[in-house]
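One structure is given below, encoded as structure tokens.
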Protein chains: 2
Amino acid sequence: MLDIDFRSRKPIYEQLVDQIKEMIVSGVLKGGEQLPSVRVLAQQLTVNPNTIQKAYRELERIGYIYSIQGKGNFVSEKIEASNQEELKMVKENLQKLAQQALFLGMQSDELLQIMEEIIKDHQGGKRDD
Amino acid sequence: MLDIDFRSRKPIYEQLVDQIKEMIVSGVLKGGEQLPSVRVLAQQLTVNPNTIQKAYRELERIGYIYSIQGKGNFVSEKIEASNQEELKMVKENLQKLAQQALFLGMQSDELLQIMEEIIKDHQGGKRDD
DNA sequence: TAACTGTATTATAATTCTTAATACAGATAA
DNA sequence: TTATCTGTATTAAGAATTATAATACAGTTA
């Protein structure tokens, strides 16, 4: 499930944020679903609980999860309205990456094709709710 | 031109890589164009020359610039064929970001519209060569 | 009460980033 | 040739970030 590269220059907590975020947006983790507790996940991944908590706190800051004292961390339900700043940043990065892709030789057709495929998957995922 | 945020948690050399990369893909820096020397840019930005060189080395590694001893650093001419690994990574990140954008509430129409606009700009930029 | 949850704090270690001071080699113009 | 650019490399030190460790406290639940 979660795969940490301890030799990476990328901090562990950032790897966790990216991977969990990806699982949420791809529908692997559904809204309302409970995440592993800080201590359990720390033991599973053999990292310090503080590192897990740092990742969870960041995911909460950008609106992907929320926490309840004594109960646990949960995937947010309605993320659309929650964080416009995050959407703005994602949009900017999306534009930069699309420019880079074209610059590196990706064809316009392929770019549009990729987007349409993701749109299709996203609409399909909605029906699963 | 280049704007470093010294209070950012993001390393200076990474900020430089991202910004210079953006200037190259957006056409602000043209193929063959010479970049400021390591020492000159270091003085302009009030950072250490080693930090500039670290950024230049990374940009060279991913194929955006090349260097000639005694002459300087230059923007690469044909980047398309040079680095398929980089294109692969850009493609993966592009897919992740598009998923995130939809998840955060961006409409499919807007996503496609953004892509078409970037495609248009990219084709327009080619005519300037 | 016991055993889970999140949260917070303090200290220390490990890693990464940045600076500083040099030095050497290639290119170029006076 | 010499002076002055350029890139490149090395070593050392400091600063900042990341990660761990050891606790402690509070809320939830069976």
Side-chain angles (χ1 to χ4, degrees), chain A residues 2-21 24 29 31-77 82, chain B residues 2-21 24 29 31-77 82:
Chain A
L2 290 171
D3 179 39
I4 302 303
D5 180 3
F6 290 95
R7 294 175 308 177
S8 171
R9 315 91 194 112
K10 192 174 187 177
I12 295 172
Y13 81 94
E14 278 189 24
Q15 294 183 46
L16 287 171
V17 168
D18 288 350
Q19 287 183 35
I20 295 173
K21 194 194 293 181
I24 293 176
L29 291 175
E33 187 167 344
Q34 184 166 6
L35 296 165
S37 80
V38 169
R39 292 175 180 82
V40 166
L41 188 54
Q43 201 166 19
Q44 278 184 7
L45 301 177
T46 65
V47 299
N48 194 277
N50 293 339
T51 304
I52 305 292
Q53 205 200 346
K54 190 173 184 180
Y56 280 179
R57 206 183 301 140
E58 171 64 11
L59 283 166
E60 188 176 22
R61 191 187 66 79
I62 59 181
Y64 283 85
I65 71 175
Y66 64 94
S67 71
I68 304 178
Q69 261 239 38
K71 297 193 72 174
N73 287 276
F74 304 87
V75 178
S76 298
E77 300 277 3
S82 69
Chain B
L2 290 171
D3 180 38
I4 303 302
D5 180 2
F6 291 96
R7 293 177 307 177
S8 171
R9 315 93 194 111
K10 192 175 186 176
I12 295 173
Y13 82 94
E14 279 189 24
Q15 293 184 46
L16 288 170
V17 168
D18 288 350
Q19 287 184 36
I20 294 173
K21 194 194 293 183
I24 293 176
L29 291 175
E33 188 167 343
Q34 184 166 7
L35 296 165
S37 80
V38 169
R39 291 175 182 82
V40 166
L41 188 54
Q43 202 167 20
Q44 278 184 7
L45 302 177
T46 64
V47 299
N48 195 277
N50 293 339
T51 304
I52 305 292
Q53 205 200 344
K54 190 172 183 180
Y56 279 180
R57 205 183 301 139
E58 171 64 12
L59 283 165
E60 188 177 20
R61 190 186 68 77
I62 58 180
Y64 282 85
I65 71 174
Y66 63 94
S67 71
I68 304 178
Q69 261 238 39
K71 297 192 74 174
N73 287 275
F74 305 87
V75 178
S76 298
E77 300 277 2
S82 68

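In the text below, chain A, chain B and the rest are named by the order of the sequence lines, each starting its count at 1.
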> What residues in residues 31-41 of chain A put a non-hydrogen atom under 4.0 Å from any atom of DNA chain C?
Replying inline: A:Ser37, A:Val38, A:Arg39, A:Val40
Starting at [atom1] of [X] and ending at [atom2] of [N], how long is that distance when rounded to a whole Å?
X: B:Ile52; N: C:dT19; atom1: CD1; atom2: C1'; answer: 12 Å
X: A:Phe74; N: C:dT5; atom1: CZ; atom2: P; answer: 11 Å
X: A:Tyr66; N: C:dG6; atom1: OH; atom2: P; answer: 13 Å
X: A:Gln53; N: D:dT20; atom1: CD; atom2: P; answer: 14 Å
X: B:Glu60; N: D:dG7; atom1: CD; atom2: C1'; answer: 10 Å
X: A:Gln15; N: C:dT15; atom1: CD; atom2: C1'; answer: 14 Å
X: B:Gln43; N: C:dA20; atom1: CD; atom2: C1'; answer: 15 Å
X: A:Asn48; N: C:dT10; atom1: CG; atom2: P; answer: 17 Å

>> Tell me every residue that passes side-chain contact (heavy atoms from CB on, under 4.5 Å) with B:Thr46, counting only those two or more places apart in sequence or in another chain.
In response: B:Phe6
> Residues in side-chain contact (heavy atoms from CB on, under 4.5 Å) with B:Gln69, at least two apart?
Replying inline: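 Per chain and number, B:Gln69 pairs via side-chain contact (heavy atoms from CB on, under 4.5 Å) with no residue.
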Mind listing the N/O atom pairs, protein and nucleotides 2-4 of chain D, below 3.5 Å?
none

Could you write out each protein N or O paired with an N or O of nucleotides 27-30 of chain C at a distance under 3.5 Å?
none

> Going through the checks in order, is the side-chain contact (heavy atoms from CB on, under 4.5 Å) test met by A:Asn73 and A:Ile68?
Replying inline: CA-CA 6 Å; A:Asn73 287 276; A:Ile68 304 178; over 6 Å; no
>> Let me spell it out: for each of A:Gly72 and A:Arg57, pick the nucleotide of DNA chain C with the closest heavy atom. Which residue's pick is nearer the 5' end?
In response: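 With A:Gly72 and A:Arg57 compared, the 5'-side residue is A:Gly72.
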> For A:Glu58, what residues pass the side chain to side chain donor-acceptor pair (under 3.5 Å) criterion, not counting sequence neighbours?
Replying inline: A:Arg61
> Taking only residues two or more places apart in sequence, or in another chain, which ones meet B:Arg57 in a side chain to side chain donor-acceptor pair (under 3.5 Å)?
Replying inline: none
Please report, to 0.1 Å, the donor-acceptor pairs under 3.5 Å made by any side chain of residues 8-20 of chain B, with sequence neighbours excluded.
unit_1: B:Ser8; atom_1: OG; unit_2: B:Lys10; atom_2: N; d: 2.9
unit_1: B:Lys10; atom_1: NZ; unit_2: B:Asp18; atom_2: OD2; d: 2.5
unit_1: B:Gln15; atom_1: OE1; unit_2: B:Asp5; atom_2: N; d: 2.9
unit_1: B:Gln15; atom_1: NE2; unit_2: B:Asp5; atom_2: O; d: 3.0
unit_1: B:Gln15; atom_1: NE2; unit_2: B:Lys10; atom_2: O; d: 2.9
unit_1: B:Gln19; atom_1: OE1; unit_2: B:Asp3; atom_2: N; d: 2.9
unit_1: B:Gln19; atom_1: NE2; unit_2: B:Asp3; atom_2: O; d: 2.6

> Checking all strands, does A:Asn73 fall into the base, sugar-phosphate, or nothing category for heavy-atom contacts under 4.0 angstrom?
Replying inline: sugar-phosphate
>> I'd like to check the salt bridge (charged side-chain N to carboxylate O under 4.0 Å, His left out) partners of A:Lys54; sequence neighbours left out, ordered by chain and number.
In response: none
> Under 3.5 Å, is there a donor-acceptor pair between the side chain of B:Ser76 and the main chain of B:Tyr64?
Replying inline: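 Confirmed, B:Ser76 side chain pairs with B:Tyr64 backbone.
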> What pair of heavy atoms forms the shortest contact from B:Asn48 to B:Asn50, and how long is it?
Replying inline: OD1-N, 2.9 Å
>> Restricting to non-hydrogen atoms, name the atom on B:Tyr66 and the atom on B:Glu60 that form the minimum distance, rounded to 0.1 Å.
In response: CA-OE2, 4.0 Å
Please list, one pair per line, the donor and acceptor atoms closer than 3.5 Å that link side chains of residues 32-44 of chain B to other protein atoms, with sequence neighbours excluded.
unit_1: B:Glu33; atom_1: OE1; unit_2: B:Lys30; atom_2: N; d: 3.0
unit_1: B:Gln34; atom_1: NE2; unit_2: B:Lys71; atom_2: O; d: 3.0
unit_1: B:Ser37; atom_1: OG; unit_2: B:Val40; atom_2: N; d: 3.1

> Side chains of B:Tyr56 and B:Ile65: closer than 4.5 Å at any heavy-atom pair?
Replying inline: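 Of all side-chain heavy-atom pairs linking B:Ile65 with B:Tyr56, at least one is under 4.5 Å.
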Strictly under 3.5 Å: I want the nitrogen or oxygen pairs between protein and nucleotides 14-18 of chain D, one per line.
unit_1: D:dT18; atom_1: OP1; unit_2: A:Tyr13; atom_2: OH; d: 3.3

> Once you round to the nearest 0.5 Å, how far does CG of B:Leu45 lie from CD1 of B:Ile52?
Replying inline: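 Rounded to the nearest 0.5 Å, the CG-CD1 separation comes to 5.0 Å.
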>> If the helix axis at each end comes from five base pairs, how far does the helix from C:dT1-D:dA30 to C:dA30-D:dT1 deviate from straight, to 10°?
In response: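 Nearest ten degrees gives 20° for this helix.
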> Can you check whether A:Ser67 has a side-chain N or O nearer than 4.0 Å to OP1 or OP2 of C:dT5?
Replying inline: no
